[in-house]
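Here is the naming used below: chain letters follow the sequence lines, and residue numbers restart at 1 for every chain.
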There are 2 protein chains.
Amino acid sequence: MGIVERKSRQKQALRERILDAARRIVMRDGFAALSMRKIAEAIEYSPATLYLHFASRDEIAQALCAEGYAQLLETFVPLVQIADPAERLKALGRAYVAFGVAHPETYRLIFMEDPSYTGAALSGVAAASGKATPVAAVADAGAAHEAMEIAAAGTPAVGSVASGKASLAPAKPDDDPGDAALHIMLSALEELKAAGRLSASMDVAVWAEAFWATLHGIVALNLTCPVFPTAPLDTVVGVALDAWLGTQDAGQSPGVTSASRSRKKKSAEAPVESYVEPGGEPAAQSSQPSAPSGKKSTKPPGPSAVKPATKRKAASA
Amino acid sequence: MGIVERKSRQKQALRERILDAARRIVMRDGFAALSMRKIAEAIEYSPATLYLHFASRDEIAQALCAEGYAQLLETFVPLVQIADPAERLKALGRAYVAFGVAHPETYRLIFMEDPSYTGAALSGVAAASGKATPVAAVADAGAAHEAMEIAAAGTPAVGSVASGKASLAPAKPDDDPGDAALHIMLSALEELKAAGRLSASMDVAVWAEAFWATLHGIVALNLTCPVFPTAPLDTVVGVALDAWLGTQDAGQSPGVTSASRSRKKKSAEAPVESYVEPGGEPAAQSSQPSAPSGKKSTKPPGPSAVKPATKRKAASA
DNA sequence: GTCTATAAAGAGATAGAC
DNA sequence: GTCTATCTCTTTATAGAC
């Protein structure tokens, strides 16, 4: 059986190479620039070979999405230890925005590209309200975290969750990173409510959605609107968090309350801009982050579908 | 000179036809599906003819953007009359979300497609803080409004602002709809602050940006995330507005100190869904609005640039 | 498994005849 | 002004040789 195993391993390896190449292309040129030909060229294989591993460009995109969700989840994990639920939520909010700013193309792919990509990670949102306990969420998250560290070193480091078992069902193996992340937030919210710091009549699910929308709005505008944060991104995030979680005087990072101050990760207290991803990448920063100058992000043409030209913006205009 | 005038009129007319066709394509199939060939086919001209009126696809897109901004501004105009600044802001927020939900493709084009499109409308955001008085904003808005009613009847009715003089400088004639809309909001905000209902130490520009981000987040998630508003969109918007502008329950809203609890205008209370646009269109509604099932939105290929395929989602997958 | 070659579709933009 | 014809470029995806 050694032979079949070797073959299986080789197949897996090629699969990884494909995803690595795809990830690099997306990071560098945006999702719109991702094509089978480019990937094939990058790994020095013919385009046809890719179809032996992925049924379509879309399947590759979904695999990348799964990685992205896991990556986002991973940034949440250490924050679960923050004792005060309000501070925890603030830290989560900052981490969320920091993630989006640091990984614009990943964020775009996951939350701004295609409804099917976005929906892939959020399966049980409706019924999720009282489902997972903080402990359970942490357990799941921990598993994902551990799996990640096994992954590649040079690249953003994810992959395991996605490539391990998510060949056809990208974002929903047994534990769904998207749901797990959601649960972390909902748990904090319920604690908050239990502590009487949130109106008892408030539906946490609604609150959570509106809160999420605020964070998403900040990230999305930052990635799309060139003039968005006139003020420092930090400040805007601070004001938003204060509006939702109360505290006078925006601006600075309330950070962690007390006990968790010893946190090994500085991520919770550091201002949004200084966020550094676990993988060790530089992490983009400031208000106008990466966004590969000339090229944008959007959609490409399909076989029978359509696609206009827009990238020319910087190229031809 | 009658002859040159007629020719000029005919040229203008064709220009309008081009934009009309383009608008229809975008509404129906999304921006990504907008191509010169399609437009040409729709108006029964050759593709080459389009280039006599627009230098590129991009220029057409920008003209559509200008229309979109004007359209959005128009929905703001009547709300300026609301006396209470907090209620006015809430009404503006609801109108904003309603607009995005009712005109998903327009909203996408303007705020979610390309930074250059989004930035086109917001020129003086940075210095806008104390710039325009409510009166000035209304004056601008009124002008745009008036201009609009001259425009076509069957179609969404805009165009004048864009087509009148924005051949090469699409979104910034003399009065910029984007800025005007922004000023309307900032004015209300300053009134709020003047009335002592907003922390004196709060920077209105920052507050405005964070508030805008919240609204944008709600719309953007609604358009992109299939499961987004688990709760009725109305409810989520209400919670968000309360968080920012205060009202009994809802977390605690440190932003606003007291009052503003008695709501008078029904326009401020009307649920988002019931919004009807001034033009008299049906106005889409509910949580999962249009979003032309099969197709998405994104970017197309340029001459030398790149472009993957993505639309296949529903077509080939 | 992998490649070459190609089908089938789409795009933006232009030259030059009329 | 308008059209025809064309150039150049992109893409996904597959057939069939090796």
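For the pair A/Glu41 CD and D/dT10 P, the interatomic distance rounds to 10 Å; values are reported in whole Å. Here D/dG1 presents its C1' atom at 8 Å from NZ of B/Lys7, a figure rounded to the nearest Å. Following rounding to the nearest Å, B/Ile25 (CD1) and C/dG10 (C1') show an atom-to-atom distance of 14 Å. Summarising the geometry, the separation between CD1 on B/Ile39 and P on C/dG10 is reported as 16 Å, rounded to the nearest angstrom. The CG-P distance, from A/Leu50 to D/dT14, rounds to 13 Å in whole Å. For the pair A/Ile18 CD1 and C/dG1 C1', the computed distance is 12 Å after rounding to whole Å. As a whole-Å value, the separation of B/Ile60 CD1 from C/dA11 P is 13 Å.
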Between the protein and nucleotides 3-6 of chain D, are there any N/O to N/O pairs under 3.5 Å, and if so, what are the atom names and distances?
{"unit_1": "D/dC3", "atom_1": "OP2", "unit_2": "B/Ser46", "atom_2": "N", "d": "3.1"}
{"unit_1": "D/dC3", "atom_1": "OP2", "unit_2": "B/Thr49", "atom_2": "OG1", "d": "2.5"}

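Annotation for A/Cys65 and A/Ile110: closest pair O-CD1, 4.0 Å, computed over non-hydrogen atoms. Of all heavy-atom pairs between A/Thr118 and A/Tyr69, the closest is O-OH, 3.0 Å.
Residues that satisfy the side-chain hydrogen bond (donor to acceptor under 3.5 Å, both in side chains) test with A/Gln10, not counting sequence neighbours, are A/Arg6. Considering only residues two or more places apart in sequence or on other chains, B/Ser46 meets the side-chain hydrogen bond (donor to acceptor under 3.5 Å, both in side chains) condition with B/Thr49.
Among D/dA13, D/dT2, C/dA13, the nucleotide with an atom closest to any side-chain atom of B/Leu52 is D/dT2. Which of C/dT2, D/dT14, D/dT11 sits closest to the side chain of A/Tyr51 comes down to D/dT14. Nearest to the side-chain atoms of A/His53 among the listed nucleotides C/dT2, D/dT11, C/dG12 stands C/dT2.
B/Ser116 and B/Asp114 share a side-chain donor-acceptor pair at under 3.5 Å.
Residue B/Lys11 is classed as a sugar-phosphate contact, given heavy-atom separations below 4.0 Å to backbone atoms only.
Taking 4.0 Å as the cut-off between side-chain N and carboxylate O, A/Arg17 and A/Asp20 do not count as a salt-bridged pair.
Looking only at side-chain heavy atoms (C-beta outward), B/Phe99 and B/Leu73 stay at 4.5 Å or farther from each other.
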